[in-house]
Asks: 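Submitted below is the structure of interest, expressed as structure tokens.
Scope of the values below: all heavy atoms of this structure, side chains included, with no hydrogens, waters or symmetry mates. This one's a predicted model, so the numbers in the text were calculated from it and none came from an experiment. Chain naming here is simple, since letters A, B, ... match the order of the sequence lines and numbering starts at 1 in each.
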Amino acid sequence: MTSPPEIIGHGTWYDKAAKELIERELRLGRSLDLIRTESGLGASGFPHIGSLGDCIRNYAIALAVEEQGYKAEYIAFSDDKDGLRKVPAGLPKELEKWIGYPVSDIPDPFGRCHESFGDHMSSLLLEALDVIGVDYRFMSGARVYRRGLLNREIIEIMENAERAGRIIYEEIGQTKFLNSLPYFPVCENCGRIYTTNAYRYLPDERRVLYRCEGMEVKGRWLEGCGYEGEVDVTAGEGKLSWKVEFAARWRALDIRFEAYGKDIADSVKVNDRICREILGHEPPMHVQYEMFLDKGGRKISKSAGNVFTPQVWFRYGSPQSLNLLLLKRFIGTRSVGVEDIPVYMDELDRLEDVYFNRVNIEDPKEKAKLRGLYEYCWLLKPPREPSVHIPYRLLVNLARVAPEGREEEYIREKLSEYGYLKRGKRGLEERIRYALNWVRDFEEPVRKPVELSAEEAEAVRRLIEELRRGRGADDYQSAVFKVARSLSLSPRRFFRTLYLILIGEPQGPRFGPYVEAIGVENAIGELERAVERD
RNA sequence: GGGCCCGUAGCUCAGCAAGGUAGAGCGACGGCCUCUUAAGCCGUGGGUCGAGGGUUCGAAUCCCUCCGGGCCCGCCA
């Protein structure tokens, strides 16, 4: 009640969770030499913003643990032994033939840039982690199985498969593993992993007997090849079902924390019990969060198949602004789209103002939280100086009207005029680039031919004459009124026409200075084209 | 069938971890550039925080019930 507001770490949710995590490990009496967090990286499709969220949040916990004075490590585990279930949007239909194959066995559809389909997909996510500056230890599921890192766990689970099947049934009502082993061998005949049914385990040889009988994948029946075989479960020729695999990973890799999306909540629930009851190991601390949803409606990028990827975000916004989206809240379903990027860019500026004491926050708890959030957006390596702050919308508006060929120069001039550059220009170049990308990608097609009435065409012709005679911004500005008066045209309407011709918008910057900025010859050129077309 | 989240200004949402005077953006409205151009600037209005109950000196925030909306999982991962 009246207790002083004791602030943990940087005052954020992450610091509190890290503290709980450490207290839990102390209670369990486990070594605190190295606290590992983990997240699984899907490798069967384009990494979505949410995939990055899995990584960043688990990494942020690792950072928070380090802030409490312990060593921590974040493991990015690629689920590349998983089979392909669906051809991702934007990729050729021919890939259908690879459905059911482990994604690490499928050739890279983009050519030779990566070893496999799975490798290509997970590397997209790793690239994003590198851009953001996440310090991770990468593990490939396929390689982990091949190197036998999970062998002890696989054997224990196979030996107790019946109990595992019962636990799965009790927790989520799934009957499949009452009759099958929670292990998917890669079929030695056809190479697929989802079509096999492992029905018997031979403990002495550590082999499973299986039939390639087929399985329903995403509502479609995937026919098996009928092959019957047996495989050594320690040879990396297959994988554990997700229902038991997490548990194996947690113990073998000594994972102490894993936050997960609610889509895998059931699997986590089952794996917690498997881990405790079969592997005799206390599972990691968990936090469940909601999903990020696509807003839809807006085309993002053809090559990415309309998936909202981190790479798309980086075209229009900074890595830190993306971190802000991913870190600021842990709960609540959130629909995200590119249209949200400006909001997060501006919000990050506000946080930066708080961090550098440019705005005062009375409540110390509130202040600590906002500062902490800012620091986590920078992964605890905040800059020493603030960047230049410009409302994103202003940049976009300037980018929209900037004369072709000298966009950056024009924007810099205007910003300077508006007084935005007084406190330095740190990060200005990137901001201009984001805004220009935004305009190029989302606002280009508005420039359509302007239909001119005979009167308007005449006005434009007269204006061209005046502009040729004029000498400077004031002359150009007056010319508009002069011409309008001479033809008893409403200046308002005439301006509208001129802006439509020059920038494709009914309104724009002050005419005279703008003509000077883009070069009077260029302006005349545009106007001539408009009358000729007419 | 099982589970999770949300409901706050006209709209979109923040605030909720750890209770202390209700916030932002957009829109609306009014004003500002001395030749009828605003992307800009200044200002105004606007909310019984879904409903009810509980805890508390104090609840948007914690607990319970209900109503409304959304999402995830259901023999894959």
Asks: Measure the acute angle between the ring planes of Trp250(A) and Phe246(A), then classify it against the limits of 30° and 60° as parallel, tilted or perpendicular.
Replies: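 Geometry flag for Phe246(A) against Trp250(A): tilted rings.
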
Asks: Select base, sugar-phosphate, or nothing to describe what Gly173(A) touches, counting heavy atoms under 4.0 Å on all strands.
Replies: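 Result for Gly173(A) = base.
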
Asks: Ring of Trp13(A) versus six-membered ring of A17(B): centres under 5.5 Å and planes under 30°?
Replies: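 Taking the rule of under 5.5 Å and under 30°, the ring of Trp13(A) does not stack on A17(B).
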
Asks: Identify whether any heavy atom of Lys86(A) sits under 4.0 Å from a base atom; if not, whether one sits that close to sugar-phosphate; answer base, sugar-phosphate or nothing.
Replies: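 No contact at all - Lys86(A) keeps every heavy atom at 4.0 Å or more from the nucleic acid.
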
Asks: For Leu370(A) and G23(B), give me the distance from atom CG to atom C1', rounded to whole Å.
Replies: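 Result: 13 Å.
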
Asks: Could you work out which one of C4(B), A77(B), G40(B) sits closest to the side chain of Gln288(A)?
Replies: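 The answer is C4(B), which lies nearest to the side chain.
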
Asks: Please give, in whole Å, the distance from A77(B) C1' to Lys81(A) NZ?
Replies: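 Distance check: Lys81(A) NZ to A77(B) C1' gives 15 Å.
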
Asks: Quote, to the nearest angstrom, the C1' distance that separates C6(B) from A60(B).
Replies: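 Between the two C1' atoms, the distance is 14 Å.
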
Asks: Taking only Lys NZ, Arg NE, NH1 and NH2, and the carboxylate oxygens of Asp or Glu, determine whether Arg412(A) and Glu408(A) approach each other closer than 4.0 Å.
Replies: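 Here Arg412(A) pairs with Glu408(A) in a salt bridge, since their nearest N and O are under 4.0 Å apart.
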
Asks: Which is true for Phe184(A) with a 4.0 Å heavy-atom rule: it touches a base, it touches only sugar-phosphate, or it touches nothing?
Replies: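 Sugar-phosphate, backbone atoms only, no base.
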
Asks: Between G68(B) and A51(B), how many Å separate the two P atoms, rounded to a whole number?
Replies: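 Roughly 15 Å separates the two P atoms.
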
Asks: So which nucleotide from A77(B), A39(B), A14(B) ends up closest to the side chain of Lys328(A)?
Replies: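 Side chain of Lys328(A) sits closest to A14(B).
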
Asks: Report yes if some heavy atom in the side chain of Tyr169(A) is under 4.5 Å from a heavy atom in the side chain of Thr175(A); otherwise report no.
Replies: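 Yes, at least one pair of side-chain atoms sits under 4.5 Å.
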
Asks: Write down the distance separating the P atoms in A24(B) and U44(B), rounded off to the nearest Å.
Replies: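 Here A24(B) and U44(B) have their P atoms 11 Å from each other.
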
Asks: Choose from U36(B), G70(B), A77(B) the nucleotide whose nearest atom is closest to any side-chain atom of Phe481(A).
Replies: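 Nearest nucleotide to the side chain: U36(B).
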
Asks: Assign each of Tyr410(A) and Ala479(A) to its nearest nucleotide of RNA chain B by heavy atoms, then name whichever residue's nucleotide is nearer the 5' end.
Replies: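 Nearest-nucleotide comparison on RNA chain B picks Ala479(A).
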
Asks: Say you pick atom C1' in G10(B) and the same atom in G47(B); how far apart are they, in whole Å?
Replies: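 11 Å, rounded to whole Å.
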
Asks: Find the distance between CG (Asp266(A)) and CD1 (Ile172(A)) and round it off to the nearest 0.5 Å.
Replies: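 That separation rounds to 5.5 Å.
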
Asks: On RNA chain B, compare the nucleotides closest to Leu398(A) and Asp263(A); which residue's is nearer the 5' end?
Replies: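 Nearest nucleotide further toward 5': that of Leu398(A).
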
Asks: Hey, can you tell me if Trp313(A) and Tyr344(A) have their rings parallel, tilted or perpendicular (30° and 60° cut-offs)?
Replies: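 The arrangement is tilted - the two ring planes meet at 30° to 60°.
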
Asks: Please examine the side chains of Glu413(A) and Arg406(A), heavy atoms only from C-beta on, and report whether any two atoms are closer than 4.5 Å.
Replies: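 SC-SC contact between Arg406(A) and Glu413(A) confirmed.
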
Asks: Using a distance-only test with no angle check, is there a side-chain donor-acceptor pair under 3.5 angstrom linking Asp475(A) and Ser478(A)?
Replies: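 No - no donor-acceptor pair under 3.5 Å links their side chains.
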
Asks: Without decimals, in angstroms, what is the distance between Ile193(A) CD1 and C76(B) P?
Replies: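 These atoms are roughly 13 Å apart.
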
Asks: Find the distance Phe246(A):CZ to C73(B):P and express it as a whole number of Å.
Replies: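 The answer, rounded to whole Å, is 13 Å.
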
Asks: In whole angstrom, what separates Asp346(A)'s CG from A14(B)'s P?
Replies: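 To the nearest whole Å, that distance equals 16 Å.
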
Asks: What's Arg350(A) touching, base or sugar-phosphate or nothing? Going by heavy atoms closer than 4.0 Å.
Replies: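 The residue Arg350(A) makes no contact with any strand.
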
Asks: Hey, what do you get for CG (Leu325(A)) to CD (Glu347(A)), rounding to the nearest 0.5 Å?
Replies: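 Answer for the CG-CD pair, Leu325(A) versus Glu347(A), is 9.5 Å.
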
Asks: Contact class for Asp82(A) (heavy atom, under 4.0 Å): base, sugar-phosphate, or nothing?
Replies: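 Touches sugar-phosphate only.
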
Asks: At less than 3.5 Å, do the side-chain atoms of Lys262(A) and the base atoms of C71(B) form a donor-acceptor pair?
Replies: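 Checked by distance alone, the answer is yes.
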
Asks: Which part of the nucleic acid, if any, lies within contact of Gly11(A), taking any heavy atom under 4.0 Å across all strands shown: a base, the sugar-phosphate backbone alone, or nothing?
Replies: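 If one applies the 4.0 Å heavy-atom cut-off, Gly11(A) turns out to touch a base.
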
Asks: With sequence neighbours excluded, tell me which residues meet side chain to side chain donor-acceptor pair (under 3.5 Å) with Arg211(A).
Replies: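 By the side chain to side chain donor-acceptor pair (under 3.5 Å) rule, Arg211(A) matches Glu213(A).
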
Asks: Considering only the C1' atoms, how many Å lie between C33(B) and C42(B), rounded to the nearest integer?
Replies: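 13 Å, rounded to whole Å.
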
Asks: Suppose you measure atom P in A22(B) against the same atom in G50(B); what distance do you get, rounded to whole Å?
Replies: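 That atom pair is separated by 14 Å.
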
Asks: Look at the side chain of Ser241(A) and decide which nucleotide, out of C72(B), A77(B), A14(B), has an atom nearest to it.
Replies: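 Ranking C72(B), A77(B), A14(B) by closest atom to the Ser241(A) side chain puts A77(B) first.
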
Asks: In whole Å, what is the span from the CD atom of Gln174(A) to the P atom of A77(B)?
Replies: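 Whole-Å distance recorded here is 8 Å.
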
Asks: For RNA chain B, please output the secondary structure as dot-bracket, reading 5' to 3'. Pairs are Watson-Crick or G-U wobble, both atom distances under 3.5 Å; mark crossing pairs with [ ], other-strand partners with |, unpaired with a dot.
Replies: ((((((((.[[[[.)....(..]]]].(((((.......))))).....[[[[[..)....]]]]])))))))....

Asks: Sticking with atom C1', work out how far U8(B) lies from A14(B), rounded to a whole angstrom.
Replies: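 The same atom, C1', in both gives a distance of 10 Å.
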
Asks: Glu171(A) has an atom CD; how far is it from atom P of G3(B), in whole Å?
Replies: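 After rounding, the gap between these two atoms is 12 Å.
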
Asks: Looking at every strand, decide which applies to Gln477(A) at a 4.0 Å heavy-atom threshold: base, sugar-phosphate, or nothing.
Replies: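 Answer is base: heavy atoms of Gln477(A) come under 4.0 Å of a base.
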
Asks: Nearest to the Met215(A) side chain among C76(B), A18(B), C73(B), which nucleotide is it?
Replies: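 Shortest atom-to-atom distance from the side chain points to C76(B).
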
Asks: Do any side-chain nitrogens or oxygens of Lys176(A) fall under 4.0 Å of OP1 or OP2 in C76(B)?
Replies: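 Affirmative; the distance criterion is met.
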
Asks: Hey, is the side chain of Lys16(A) poking within less than 4.0 Å of OP1 or OP2 on A18(B), counting only N and O atoms?
Replies: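 So the side chain of Lys16(A) is within the cut-off, an N or O lying under 4.0 Å from OP1 or OP2 of A18(B).
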
Asks: Let me confirm one number: the NZ-CD1 distance from Lys269(A) to Ile167(A), rounded to the nearest 0.5 Å.
Replies: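 Lys269(A) atom NZ to Ile167(A) atom CD1 measures 13.0 Å (nearest 0.5 Å).
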
Asks: Give me the distance, rounded to whole Å, that separates G45(B) from G3(B) when you measure between the P atoms they each carry.
Replies: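 Comparing P positions in G45(B) and G3(B) gives a spacing of 48 Å.
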
Asks: Rounded to the nearest angstrom, tell me the gap between atom CD in Glu290(A) and atom P in C6(B).
Replies: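 Computing the Glu290(A):CD to C6(B):P distance gives 7 Å.
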
